[in-house]
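Everything quoted here is computed from the prediction, not taken from an experiment.
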Amino acid sequence: MNFFKIKTSWSNAELIPLKVSIATAYILIGAYFHDFFRIHYIPVIVVFIVTVVWSLYLWFTKMKDANKE
């Protein structure tokens with residue numbers, strides 16, 4: 001499988017959406033156990049979805065650019 005052998009380099013700025021999506025996933029897990037986060041459940045889900053899509057877009061464009069070289 002060539003998909004797992006592709007190497008890309010990420011700058012710190014490009015890792016921010018990925019880190020935000022991971023952080024919001026942890027908040028969603030925490031929301032299951034604590035009532036405090038239930039108030040903010042919908043905004044957290046929206047931020048999670050947006051950052052995941054953004055991270056996947058950046059990843060696929062990097063892979064596409066790496067394959068062109």
Side-chain angles (χ1 to χ4, degrees):
M1 298 196 115
N2 292 334
F3 180 74
F4 294 110
K5 294 180 182 179
I6 297 174
K7 297 194 185 265
T8 61
S9 62
W10 290 73
S11 69
N12 288 335
E14 291 172 333
L15 285 175
I16 291 172
L18 180 64
K19 291 177 181 182
V20 170
S21 64
I22 291 170
T24 52
Y26 285 127
I27 292 172
L28 286 173
I29 292 169
Y32 183 76
F33 298 106
H34 298 288
D35 289 333
F36 173 74
F37 288 111
R38 289 187 193 257
I39 300 168
H40 310 290
Y41 199 66
I42 299 298
V44 169
I45 289 175
V46 170
V47 169
F48 175 71
I49 291 171
V50 168
T51 55
V52 165
V53 169
W54 188 6
S55 297
L56 288 174
Y57 172 75
L58 288 173
W59 183 33
F60 287 136
T61 54
K62 279 218 172 260
M63 285 187 358
K64 189 177 179 181
D65 292 341
N67 287 338
K68 286 182 181 178
E69 295 174 359

Residue set satisfying side chain to side chain contact (heavy atoms under 4.5 Å, CB included) with I16, at least two apart, ordered chain then number -> V20

Output all residues satisfying side chain to side chain contact (heavy atoms under 4.5 Å, CB included) with L18, sequence neighbours left out; order by chain, then residue number. L15, S21, I22, S55

Considering all heavy atoms, the nearest T51-T24 contact: OG1-OG1, 4.3 Å

Would you say I49 and W59 are hydrophobically clustered, going by side-chain heavy atoms of ILVMFWY under 4.5 Å? yes

Cluster link W54 to V47, ILVMFWY, side chain under 4.5 Å: no

